[in-house]
Structure formats: C-alpha cells, structure tokens
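As the structure is a prediction and not an experimental result, all values here were calculated from the model. Because only heavy atoms are used, hydrogens play no part in the values below, and waters and symmetry mates are left out as well, while side chains stay in.
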Amino acid sequence: MYVAGVDATGKANTKIPQAEVRIPDRNNQPSDDGMNPSYGLVEEQRPAGIRSISGPLEITGGLAVTNEHHIEIRRSDEGVLKELGKVNLVQGQYNIDVEDVTGSIIARLVDKEGKTLGEGSFRLNRVASIAQNRLQGPKIRIEPHPDFGGIVTSAYNPKPDDAAPAKTLVTFVKGAKEVAPKKDGAVAMDNVTKGSTTVMRAAAPSHMQTASIVVSGQEFKTPLYPASMIQALQDILSQQRQMSFEGAPTIIWGKVSLDGKTLSGIDVVVESDPSLVPVYFNQFMLPDPSLKATGDNGLFAFVNAEPGFHSLLATRAEAIVGYQNVVVEEGSVAQGDIQSTMKNEAVPLRVYDAFAGDAVPATVTMQSLQSEFEVQGATTVTLPNLKRYGLMRVQPEGTDYVAARYVYNDNDEYVHAPVVRWSWLSAIKGYLKIDDLPTAGVIVGFVPDENFEVYLAAYDSFNPRQIVYFDMQGRILQNGKGIAGGGFILYNVPEDIHEVVVVGERTQKIYSRVLPVDPNTLSVLSFRE
C-alpha cells in the first residue's frame with residue numbers, strides 16, 4: 001500500500017507528519033510563504049445558537065454527596081428533559097450548554113436507586129441576557145425533596161417559638177398520615193412528589209379543628225383557634241346582625257397579603273356563595289360592622305358557610321388581587337389566607353389530544369386570570385409566582401372532546417391540558433359494562449413517569465371494577481395496574497371533595513391531588529413531578 005500526500009508546491013511527500021503546536025507572537029514577521037501568523041486564541045467552537053450557562057451550586061438542608069449519590073443537571077422544557085450539564089463539586093459550580101432558552105435548569109441529588117433526594121432549579125427566562133453565548137446563571141440551591149410541611153400554632157400564642165397547643169394532632173391525605181407536632185410546632189409528611197396537594201387538618205383539645213389545602217414544597221403556617229374565641233365571635237355577630245347561629249360552627253378565616261405584607265381596603269367574597277357577608281376586623285382584632293373592606297391587619301372571616309368546597313376572591317376596585325380555595329367542614333375553621341405577589345411569570349399553556357398530541361382549539365377559564373380566553377392549542381399566560389392550588393376549566397371546540405376541570409399550580413413551569421373524546425370514554429364504559437350513574441362524576445388521570453396504582457383516599461367502598469387502567473395509546477390494561485406513560489379512569493366517582501392518590505411502583509412516592517367532584521362532570525389530572 002502506497003500512501004502519499006501533496007505539499008504546498010504540489011510535490012508528493014510520503015513522510016508521516018508530526019504533531020506540532022505553534023504559538024504565534026505579535027512580533028513575528030511574515031513567514032517565508034508570505035502568510036501572516038494568526039494572533040487570535042483558538043477556543044472550542046459551538047454550533048450557532050448554543051449558549052453556555054454556568055453558576056454556583058450549593059447543597060443545603062442537611063443533604064450530602066457520597067459515593068452512592070450523584071448530581072444531575074439538565075434543562076427541562078415543558079416536562080421533557082433536554083441537554084445534560086456538568087457539575088464541579090470541588091469548585092461548587094455547574095455548567096450546561098443549551099440549544100434554547102426556554103424551560104428551566106434543574107439540578108437533582110440522586111441516589112443509586114434513582115430516587116431524588118434534593119432538587120433546585122431556576123427558569124431560563126430569568127437569566128439577565130439571552131443574546132450572549134456565555135451566560136452567568138443564578139445560584140442553584142439543592143434542597144431536600146419537597147414534602148408537606150409547616151408550622152401549627154395557637155391563634156393566641158404569646159410564645160415566640162410558635163409552639164402548638166398541647167396534644168395537637170395533624171393529619172394528611174385524609175388520615176393516611178397522622179403526626180404530632182414537634183416542640184416548635186413543626187409537622188411534615190415526606191416521600192411526596194412536587195406539586196402534590198392535600199387537605200391538612202389540625203386539632204387540639206379546647207380548640208376548633210383547622211383545615212386548609214396545602215401544596216408540597218410550600219411551607220404553611222396554620223393557627224388553631226380556641227373554641228371560646230369562636231364562640232365569642234359568634235356572640236358578637238349575633239348582636240350586631242340580630243341573628244342566631246345554631247349548630248356546629250362552620251367558619252372561613254383568613255388574611256390578605258401582598259408579598260408577605262398585609263393589605264387593607266380589600267373586598268373578599270365567597271364566589272361559590274355570594275350571600276355570605278364578610279367580617280372584617282379593626283386594630284383591636286374585633287369584628288367591626290362599619291368596615292366594608294379589610295383593615296390594616298388584612299383579616300377577614302365568614303360565619304355559617306355551607307360545608308363543602310368554596311372559592312374565595314379578593315378584589316380592589318374590581319381588579320383581582322388574589323384567590324384561595326378552602327374546604328369547609330362542620331365544627332371546623334377553614335383557613336383561607338389569600339396571598340398575592342408583584343412577581344409574575346410567562347407560562348406556556350397547551351390544549352391537545354391526550355393520545356394523538358394534536359392541538360385542540362378551546363375556551364379556557366383559570367382562577368388566576370380575570371376572564372376566559374380562547375386558545376388555538378397553544379399560548380402563553382402570565383401567572384403569579386405563587387405555589388397555590390388552582391382550578392381551570394377547558395371547553396374544547398365542537399362535540400368530539402369532553403369539557404373538563406383541571407388542577408394546576410400558579411408556580412407551574414407549564415400548564416398542559418390533555419383532552420379526551422366522548423367516544424373513547426363511552427366505548428370503554430360500554431365494553432366493561434359499567435353502570436351509568438348520573439349523580440356521579442368521572443376522573444381521568446395521566447401518569448408519565450413510572451408504573452403505578454391509584455386509589456381514592458379514605459374511600460374504601462369505591463368499586464374496583466370502576467377503576468380502569470390504560471396504556472399510552474388509550475388501550476385497556478388487564479393486570480389491574482398502571483404503566484408509565486399511560487393512565488387511569490375512575491368511573492362513577494361520588495359527589496364529594498376527594499383526594500386522588502397515585503403510588504409509584506418503583507419509588508413508592510405518593511402523588512396526591514385534591515379535587516372537588518360534581519355530578520355529570522369530567523376531571524382530568526396529570527401526575528408529573
């Protein structure tokens with residue numbers, strides 16, 4: 001075999017070339033061939049549009065990295081994992097090259113079994129400049145994985161350490177977890193996925209039970225109200241309004257705030273029962289009938305609310321300040337603090353066929369927004385940057401798809417609304433010979449991440465025949481369990497406030513969603529971290 005190259009003069013050369021590194025000097029003269037040396041530095045070439053993002057990384061909350069752990073940093077765009085980055089633990093730095101500046105950068109501390117121990121992230125639209133190829137990213141703090149956690153205290157607690165009343169008990173997921181607060185009033189339920197919701201109930205002797213909807217990863221502070229305090233409130237209102245309050249108390253109590261500061265001059269109404277008259281409190285914490293809006297303390301209350309699911313709305317001059325959803329129960333106080341913020345985020349919203357993925361035109365109503373809007377499959381909405389449970393209704397165009405209720409979080413990085421066809425739901429019901437109960441509702445859930453099982457918390461009487469699992473094409477599964485990428489249908493769900501719970505087969509994590517179910521309605525849930 002004869003191998004030859006050709007030099008600059010066209011002469012054949014069979015000599016094997018040797019590696020050579022030439023470092024140009026600015027004082028060099030032109031070479032013999034008349035070509036000037038290059039004075040620039042040679043750096044790694046990236047494809048056009050690629051941006052390199054780097055920044056500090058911190059591990060907090062008692063987490064540590066061992067030989068059985070690793071840190072994974074990736075870009076996630078609407079739930080789809082994209083580019084993989086690198087971490088320098090010695091320098092405490094991360095670096096990732098991204099093809100686009102949409103979505104978020106997520107850092108996770110993962111053990112050898114793939115379980116996420118801690119997580120931190122930031123949205124790429126918060127990076128100061130997107131025109132440069134090299135960007136300075138914010139610090140990512142990897143914190144313990146989100147759970148249900150917060151503080152329970154007494155409404156009249158003079159102690160600075162927020163200690164809960166004696167013998168306080170707190171329950172999550174309709175009693176699936178019962179916890180006694182620590183000395184500082186702290187309570188928690190772990191192994192819960194990000195974005196899960198539950199109704200937290202706290203009770204103590206000589207106090208009214210307090211119930212509130214909490215979101216995993218968002219620390220709550222829940223007061224317990226002495227029974228004597230609630231009785232005094234009812235006595236004062238009875239005199240002021242010339243009316244009597246009979247039966248077990250049903251109270252909604254809350255505070256309106258903006259970025260942590262109380263707001264005055266706010267009108268609060270119960271959207272689900274506009275006949276309820278609000279109570280506002282003066283500087284002496286007494287109900288004042290002369291107040292037609294919140295005082296400096298931002299406090300409000302509603303007395304004799306009907307048990308059930310209610311939505312509170314706070315406005316000023318007809319502009320929405322905030323909202324909150326509450327669960328009212330007999331002999332209980334529904335905590336309904338209404339938070340608002342000046343910080344807003346642009347969030348992608350998509351309405352699409354759950355199995356084909358095609359865009360579906362629809363009319364969308366969200367609690368966070370002033371009015372309904374039309375979407376041709378995809379749009380961008382601006383939502384408050386709050387970890388807050390919200391409800392959304394999607395009405396697809398035409399009659400092929402079913403109008404449905406969805407659960408979302410204002411802090412979500414994206415909002416997806418998969419829609420399903422009437423023909424699909426009815427065909428499965430007919431094939432399995434499931435009875436049609438007009439007083440009940442239907443729940444459809446999608447679980448993309450792992451195999452799973454589903455149940456209704458504290459609803460043991462629900463007929464297992466009415467739980468149907470399907471694969472990613474919508475085909476019925478016969479093994480009584482769900483698979484990753486598929487989902488489930490719950491037919492004939494009784495009218496009530498339910499907690500739908502999905503348990504992952506691999507991680508044994510709990511995915512929970514609070515959901516009010518009405519007769520003849522469809523609700524669609526997505527169980528993705």
- Task: Start with the C-alpha distance between Val454 and Val447, add both sets of side-chain angles, then the distance that settles side-chain contact (heavy atoms from CB on, under 4.5 Å), and finish with yes or no.
- Result: CA-CA 10 Å; Val454 65; Val447 186; over 6 Å; no
- Would you check, one step at a time, whether the test side-chain contact (heavy atoms from CB on, under 4.5 Å) holds for Val493 with Leu515? CA-CA 11 Å; Val493 179; Leu515 181 68; over 6 Å; no
- Query: When you look at Val187 and Met200, which way does the side-chain contact (heavy atoms from CB on, under 4.5 Å) test go after all the steps?
  - Reply: CA-CA 10 Å; Val187 292; Met200 186 277 300; 5.8 Å; no
- Carefully, step by step, assess Val444 and Val402 under the rule side-chain contact (heavy atoms from CB on, under 4.5 Å). CA-CA 11 Å; Val444 173; Val402 193; over 6 Å; no
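Within 6.0 Å of atom CD in Glu306, 12 or fewer heavy atoms from other residues, nucleotides or ligands are found, so the atom counts as exposed in its surroundings. More than 12 heavy-atom neighbours from other residues, nucleotides or ligands sit within 6.0 angstrom of CZ on Arg316. More than 12 non-hydrogen atoms from other residues, nucleotides or ligands lie less than 6.0 angstrom from NZ of Lys429. Few gaps surround CD on Gln508; more than 12 heavy atoms of other groups in view lie less than 6.0 Å from it.
Taking the side chain as every heavy atom from C-beta outward, Asp273 and Phe302 never approach each other to under 4.5 Å. Side-chain contact check for Phe373 versus Leu349: some heavy-atom pair is nearer than 4.5 Å. Here the side chains of Val503 and Tyr455 are in contact, with some heavy-atom distance below 4.5 Å. At least one side-chain heavy atom of Glu397 sits under 4.5 Å from a side-chain heavy atom of Gln376.
Side-chain atoms of Thr365 never come within 3.5 Å of backbone atoms of Glu372 as a donor-acceptor pair (strictly under, hydrogens ignored). Remark: the backbone N or O of Thr382 is not paired with any side-chain donor or acceptor of Asn344 at under 3.5 angstrom. Although no hydrogens or angles enter the test, the distance criterion places a donor-acceptor pair under 3.5 Å between the side chain of Thr294 and the main chain of Ile266. In this structure, the side chain of Tyr389 does not engage the main chain of Val407 through any donor-acceptor pair within 3.5 Å. The main-chain N or O of Ser512 is found under 3.5 Å from a side-chain atom of Ser196 such that the two form a donor-acceptor pair. A donor-acceptor distance shorter than 3.5 angstrom exists from the side chain of Gln324 to the backbone of Asp337, with no hydrogens or angles considered.
Contact check on Arg405 versus Asp518 returns a salt bridge, with a Lys/Arg side-chain nitrogen under 4.0 Å from an Asp/Glu carboxylate oxygen. Under 4.0 Å is where a charged nitrogen must lie from a carboxylate oxygen, and between Lys509 and Glu450 no such pair does. With respect to the salt-bridge test (charged N to carboxylate O, under 4.0 angstrom), the residues Lys82 and Glu99 do not qualify.
In this structure, Arg421 forms no cation-pi arrangement with Phe355, as its terminal cationic atom is not both closer than 6.0 Å to the ring centre and no more than 45° off the ring axis. Both tests pass for Arg513 against the ring of Phe527: distance under 6.0 Å to the centre and angle within 45° of the axis.
For Phe148 and Phe220, the ring centers sit 6.0 Å or farther from each other. For Phe446 and Phe470, the distance between ring centers is under 6.0 angstrom.
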Could you pull out every donor-acceptor pair under 3.5 Å between side chains of residues 472-488 and any protein atom, sequence neighbours left out?
residue	atom	partner	partner atom	Å
Gln473	OE1	Arg475	NH2	2.9
Arg475	NE	Asp471	OD2	2.8
Arg475	NH2	Asp471	OD2	3.0
Asn479	OD1	Lys481	N	3.2

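What you find for Ala403 and Arg393 is that their closest heavy atoms are CB-NH2, 3.5 Å. Across Pro384 and Ser368, no two heavy atoms sit closer than the pair CD-CB, 4.2 Å. The minimum heavy-atom distance between Gln335 and Val326, with the atom names listed, is O-CG1, 3.6 Å.
Using bins of under 30°, 30° to 60° and over 60° for the plane-to-plane angle, the ring pair Tyr414/His416 lands in the tilted bin.
Side-chain contact check for Thr102 and Asp77: at least one donor-acceptor pair (N or O, by modelled atom type) lies under 3.5 Å. No hydrogens or angles considered: nothing links the side chains of Asn411 and Gln218 as a donor-acceptor pair under 3.5 Å.
The distance from atom OG of Ser54 to atom OH of Tyr94, rounded to the nearest 0.5 Å, is 7.0 Å.
Every residue two or more places apart in sequence or in another chain was checked for a ring pair (Phe, Tyr, Trp, His ring centres under 6.0 Å) with Tyr408, and none qualifies. A search for ring pair (Phe, Tyr, Trp, His ring centres under 6.0 Å) contacts involving Tyr406 returns nothing, not counting sequence neighbours.
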